[in-house]
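Just so we're on the same page: letters track the sequence lines, and every chain starts at 1.
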2 protein chains.
Amino acid sequence: MTNTKKVNSRGRPRTFDVDEAVGKAQALFHQRGYDAVSLADLTGALAINPPSFYAAFGSKADLYGRALERYAKTEGLDFDRLLAPERPLNEALAALFDAAAVAYTAHPEATGCLVIEGARGGTDAVACDKAKTLWRRSRQVVRDAIADRAADRADEITDYVMAILAGLSASARDGLGAARLRAIGRTASLAFMSDKAR
Amino acid sequence: MTNTKKVNSRGRPRTFDVDEAVGKAQALFHQRGYDAVSLADLTGALAINPPSFYAAFGSKADLYGRALERYAKTEGLDFDRLLAPERPLNEALAALFDAAAVAYTAHPEATGCLVIEGARGGTDAVACDKAKTLWRRSRQVVRDAIADRAADRADEITDYVMAILAGLSASARDGLGAARLRAIGRTASLAFMSDKAR
DNA sequence: AGGATTTTGTAGTGACCAATACAAAAAAAG
DNA sequence: CTTTTTTTGTATTGGTCACTACAAAATCCT
C-alpha cells in the first residue's frame, strides 16, 4: 500500500546505501565464506560502526540471508531459461552445466556457488540453514523442469544434476578455470546423449 | 633404528591412548568439520585437560593433520586397488564411484569425505592446507592411473573424476543415502561406456 | 523554535576461542 | 632415598567473537 522505499523519513539520515552494502557483504561472503567473515570485516568494508550495522541488518546471519537472496537474483543460474520446456532434456542439462561452469568462475577470487558452498555449513547453524533452504528450492525447480520430460526418473536425474553442480562448484573453488569446468560439464552431459542413460 | 614406540619411558605415564584419541578426534572432525570442533570439545571427548592435549598433539591443527592421515589410511578410498592397471578404464571408474558412494555414507552422522570437505576450508588456513595437500595427492594418484590407459586425455578425465567425487561427497552431506549416491555414480560413469566420451 | 524520531560514534558487554604458567604427582634411574 | 623426567590438574592468558548501552547529532513535523 504505502511506499516501501523510505522517502522523506524522519530522523538522522543514513550515511550509507543499504542495497550497496548488501552487495559488498555478498562479495565478502562469496570470497571467504560465512565463518571467515567477521563483523569487524563487514563494518570495516562498509565503513560503518556496529550499531549502524545492527540497526540496518539485525544480525550477521540476517545480512547473510539478504546476500544469499541477492546472489540468487543477480548471479544465480537462470533455471527457468536454461531448462525451458521446449528444450530437449539432454540439451537443457548441457546448457545448465555450461552456464554453471561459466558462473562459478566469473569472479576469480569468489569462485564456486555462494549457495552450494554456504549450504555445506560451518560453525553457524542458522546461516547454514538459510543457504540450505535456497539450495533445496533450486533443487525443486530443477526437479519440476525434469519431471516434464522424464517423469519416471525425475528424482534420479535430479540427484545427478545437483551432484554435478556441487562438483563444478567444488572444482571451481579448487582453482579450475572456466575451460576445464566446461569440459567437466560436457562429460557430465554425455550420460544423456546417446542411449538415454538406460 | 631405535624403537619408535615409547616403551619403558620415564616420567609419569599417560592416562589415555594417543592413537585412540586420534581416532576420536577424526570422528569429531568428520561429523562437524574442523571449525565447529572446539578445543573444549576435544578435551571433553578425550577426558583430558588442555596441557595434556598440547603435550601430546602440539596444536589443534596438528591433531587435525594426524586425523586426516588416519582417515586416508583407514577409511579413504583404495585407489590402487580400484584403479588397478588390469582393469578397463570405464570399469575402474565405475568401481571408484561406487566405492565412494558406499564410503561417503558409511557413517550416518559423519557423511562425505573428510579430506574433500576439509579442503573446502573455513576459518583456519593451515588446517585447510593440510586437507588440500591430501586432496592433491589423491588427484595425482588418480591421474597416474588414468594416464596409463588414456594418456592424451588424462587431465580432462581426472578433472571429471575429482569433480564427481566432490559431488558425491556433497550429496552425501546433503543427506542422500547409499542407494541414491550409487545411482549418481552409475550415471556419472555412463560417460565412459559406449562412445569413449568422444 | 521546540519536540519527535532515527542514526551516529564511543566504548564497552560477556562468551568463547586456542593456547599456557605453574606446581603437584607419578613413574624410572642412580 | 634422592634425582631426573614426564604428565597431570588447576587456573588463567590475551585475543577475538557477535552484539549493545548510551548519549550526541541530524533530520522532519508542528
K.L.:
Report the nucleotide, chosen from D:dG9, C:dA19, C:dT10, that has the shortest atom-to-atom distance to any side-chain atom of B:P51.
P.N.:
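For B:P51, the side-chain atoms sit closest to D:dG9.
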
K.L.:
From C-beta outward on B:N49, which listed nucleotide comes closest to its side chain: D:dG9, D:dT8, C:dA19?
P.N.:
D:dG9

K.L.:
Please determine whether a side-chain nitrogen or oxygen atom of B:S52 lies at a distance below 4.0 Å from atom OP1 or OP2 of D:dT7.
P.N.:
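So the side chain of B:S52 is outside the cut-off, no N or O lying under 4.0 Å from OP1 or OP2 of D:dT7.
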
K.L.:
With heavy atoms under 4.0 Å as the rule, sort A:F16 into base, sugar-phosphate or nothing.
P.N.:
sugar-phosphate

K.L.:
Considering only NZ, NE, NH1 and NH2 on the basic side and carboxylate oxygens on the acidic side, decide whether A:K60 and A:D124 come within less than 4.0 Å.
P.N.:
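Not counted as a salt bridge, because no side-chain N and carboxylate O are separated by less than 4.0 Å.
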
K.L.:
Sequence neighbours left out, what passes side chain to side chain contact (heavy atoms under 4.5 Å, CB included) with A:R139? Give chain and number order.
P.N.:
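With sequence neighbours excluded, A:R139 shows a side chain to side chain contact (heavy atoms under 4.5 Å, CB included) to A:T158, A:D159, A:M162, B:R180, given in chain and number order.
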
K.L.:
Output the rounded distance in Å from CG (A:L46) to P (C:dG9).
P.N.:
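Result: 12 Å.
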
K.L.:
I want to know whether A:Y160 and A:F192 have ring centres closer than 6.0 Å.
P.N.:
yes

K.L.:
Measure from the side-chain heavy atoms of A:R12 and tell me the nearest of D:dA26, D:dC19, D:dG9.
P.N.:
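Selected nucleotide (nearest to the side chain): D:dA26.
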
K.L.:
How would you label the contact of B:P50 with the nucleic acid (heavy atoms, under 4.0 Å): base, sugar-phosphate, or nothing?
P.N.:
base

K.L.:
Out of D:dT6, C:dT6, D:dT5, which has the shortest distance to the side chain of B:R10?
P.N.:
D:dT5

K.L.:
Nearest nucleotide by nearest heavy atom, which residue falls closer to the 5' end of DNA chain D, A:G58 or B:P13?
P.N.:
B:P13

K.L.:
Could you list the residues that satisfy side chain to side chain contact (heavy atoms under 4.5 Å, CB included) with B:D78, not counting sequence neighbours?
P.N.:
B:D80, B:R81

